[in-house]
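What follows is one structure encoded as structure tokens, with my remarks underneath.
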Amino acid sequence: MLGLNHRQSLHKVLMTMQDQGLIRYAKVPVVGGHLHLWGITEHGQALAYDLRKNEPPSAKVFEPGRISALRLKHILGLQKMKWQALQTGWSGWKNCDRGVKPQRKSEKLRHRPDALVIDPSGRVIAVELELTFKTVKRYAEEVIQSHARQIHVEQKYQHVLWVCATAADMERMKNLLGQALEWLRARQSSAIRQLDAYKEQSGVTKVFRVGTTDNWTQQWHCSKEDRCGNLRNFLWTHFQQATQARRDLDSQAQEEQDWMLATDYSLILQTLTDYKNALWKKQQAEEARRSPAQQEQQRRAEEASRRYAEELAAREEAQRRANSLVGKVGKLFGK
């Protein structure tokens with residue numbers, strides 16, 4: 001990240017940042033020894049956030065006593081992958097598996113990918129760092145079914161990429177996924193129908209891919225010329241979902257800005273403006289189509305109201321005449 005070639009230079013930078021109170025050091029015990037970790041402090045977070053966004057500093061700081069040795073290898077692996085992505089033209093890294101809890105105790109938390117990242121052609125990829133394998137049944141019933149729904153129904157991303165430590169693990173992962181897909185197809189699962197429908201609609205032939213930590217960014221042949229168009233379509237879909245759910249469109253745009261590159265902000269805002277204009281035109285067209293029917297309905301209501309008023313006036317006039325006649329008869333017999 002710093003572009004340094006010597007360990008001594010890096011150590012000097014880290015010590016300087018520690019002296020400034022930006023980071024802190026800890027020696028964390030793990031299986032087979034220790035790891036030397038550096039993490040951000042409260043003061044570091046206060047200086048790291050973007051003043052232009054008027055956002056509060058992040059409350060996430062490095063607390064050595066809360067480090068999970070079991071999760072540490074996975075977290076450091078994702079950090080390395082994020083660095084690899086940035087070096088190879090990928091962007092918009094978003095962690096999806098942190099701080100996510102069910103809203104109710106009885107609710108089961110659905111499977112989520114480790115991260116979302118945008119490839120150089122603008123496709124949104126869900127990344128799974130698979131350091132330990134699951135059973136075929138779990139891949140079928142939990143993992144693949146969740147991915148199928150989030151791809152086809154919720155349209156949160158467009159592909160899934162499993163990343164393994166070695167080439168041998170990659171081959172095992174391919175075999176496990178193949179068996180899980182066969183298991184689902186034999187049971188005519190809704191996940192298979194969703195994946196088939198997505199392939200037909202999008203034109204893609206391979207939704208799932210598998211790579212290693214060394215080659216995962218090379219699993220798709222990317223065309224950078226398609227980036228704006230693909231990313232715009234992805235944003236447009238999210239704005240449509242926000243409209244259907246009656247969510248604020250500006251808040252949705254801000255949510256996208258929170259994880260995409262700053263250089264993509266103009267594309268997000270332009271897509272939002274175009275979507276709002278298209279939505280306004282659609283509403284105007286619908287109003288125009290409804291207008292003749294509404295006018296006829298209003299005319300009929302006014303006609304019914306006029307007839308009712310005339311009938312009421314006629315009844316009042318008849319009642320007045322009857323009362324007048326009764327008065328005259330009364331006077332006659334009174335004489």
Side-chain angles (χ1 to χ4, degrees), residues 1-3 40 44-58 60 78-79 81-96 98 112-127 150-151 154-161 198 201-204 216-285:
M1 290 290 290
L2 297 175
I40 196 165
Q45 287 286 23
L47 298 182
Y49 74 100
D50 193 342
L51 282 171
R52 295 170 297 178
K53 293 183 180 180
N54 194 30
E55 61 183 9
S58 173
K60 296 179 181 179
L78 288 174
Q79 287 186 359
M81 288 176 60
K82 181 177 181 180
W83 178 81
Q84 291 173 325
L86 296 175
Q87 298 300 308
T88 53
W90 293 53
S91 64
W93 188 277
K94 179 182 181 181
N95 290 313
C96 301
R98 298 186 187 179
R112 293 174 179 266
D114 290 320
L116 295 185
V117 62
I118 303 169
D119 76 1
S121 68
R123 292 172 296 197
V124 180
I125 312 296
V127 173
Q150 293 183 78
I151 289 173
E154 301 175 12
Q155 301 182 42
K156 291 184 177 296
Y157 41 88
Q158 295 153 310
H159 299 274
V160 184
L161 173 61
Y198 174 73
Q201 291 172 5
S202 63
V204 302
W216 70 273
T217 60
Q218 304 165 19
Q219 293 305 307
W220 274 279
H221 296 291
C222 303
S223 174
K224 295 182 179 180
E225 292 75 15
D226 297 333
R227 187 179 189 279
C228 285
N230 287 336
L231 203 52
R232 176 184 170 88
N233 291 337
F234 177 76
L235 292 166
W236 194 279
T237 299
H238 280 200
F239 289 139
Q240 286 179 324
Q241 292 175 335
T243 300
Q244 293 168 0
R246 297 184 178 180
R247 296 196 304 268
D248 180 64
L249 290 175
D250 292 324
S251 298
Q252 182 65 41
Q254 182 60 54
E255 184 178 320
E256 307 296 349
Q257 289 182 4
D258 288 342
W259 73 282
M260 291 186 183
L261 282 179
T263 51
D264 288 328
Y265 290 178
S266 58
L267 176 62
I268 296 172
L269 296 178
Q270 184 59 54
T271 304
L272 175 62
T273 299
D274 293 344
Y275 178 78
K276 285 182 175 179
N277 289 336
L279 189 62
W280 180 81
K281 290 179 180 179
K282 181 180 178 181
Q283 291 172 345
Q284 291 293 106

Tell me if a side-chain donor or acceptor on [X] pairs with a main-chain N or O of [Y] at a distance below 3.5 Å.
{"X": "Q150", "Y": "Y157", "answer": "no"}
{"X": "H159", "Y": "V127", "answer": "no"}
{"X": "N233", "Y": "G229", "answer": "yes"}
{"X": "Q252", "Y": "F239", "answer": "no"}
{"X": "D264", "Y": "L267", "answer": "no"}
{"X": "N230", "Y": "S121", "answer": "yes"}
{"X": "Q84", "Y": "T217", "answer": "no"}

- Message: On a heavy-atom basis, which atom in W259 and which in K94 lie closest, and how many Å separate them?
- Response: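 Smallest interatomic distance, heavy atoms only, reads CE3-CB, 3.5 Å.
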
- Grab the two heavy atoms, one from H238 and one from Q155, that are nearest each other, plus how far apart they are.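 In this case the closest contact between H238 and Q155 is NE2-O, 3.1 Å.
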
Side-chain contact, heavy-atom cut-off 4.5 Å: [X] with [Y]?
{"X": "M260", "Y": "L231", "value": "yes"}
{"X": "V117", "Y": "S91", "value": "no"}
{"X": "L279", "Y": "T243", "value": "yes"}

- I would like to know whether W216 and W90 meet ring-ring contact (aromatic ring centres under 6.0 Å, His included); could you show each step before the answer? CA-CA 11 Å; W216 70 273; W90 293 53; 5.1 Å; yes

- Query: To the nearest 0.5 Å, how far apart are CG in L249 and OG1 in T271?
  - Reply: 12.0 Å

- Can a salt bridge be assigned to the pair D226 and R232 using a cut-off of 4.0 Å between side-chain N and carboxylate O?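 A salt bridge is absent here (no side-chain N lies under 4.0 Å from a carboxylate O).
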
- Message: As a quick check of understanding, evaluate salt bridge (charged side-chain N to carboxylate O under 4.0 Å, His left out) for K82 and D114, giving each step before the final call.
- Response: CA-CA 11 Å; K82 181 177 181 180; D114 290 320; over 6 Å; no

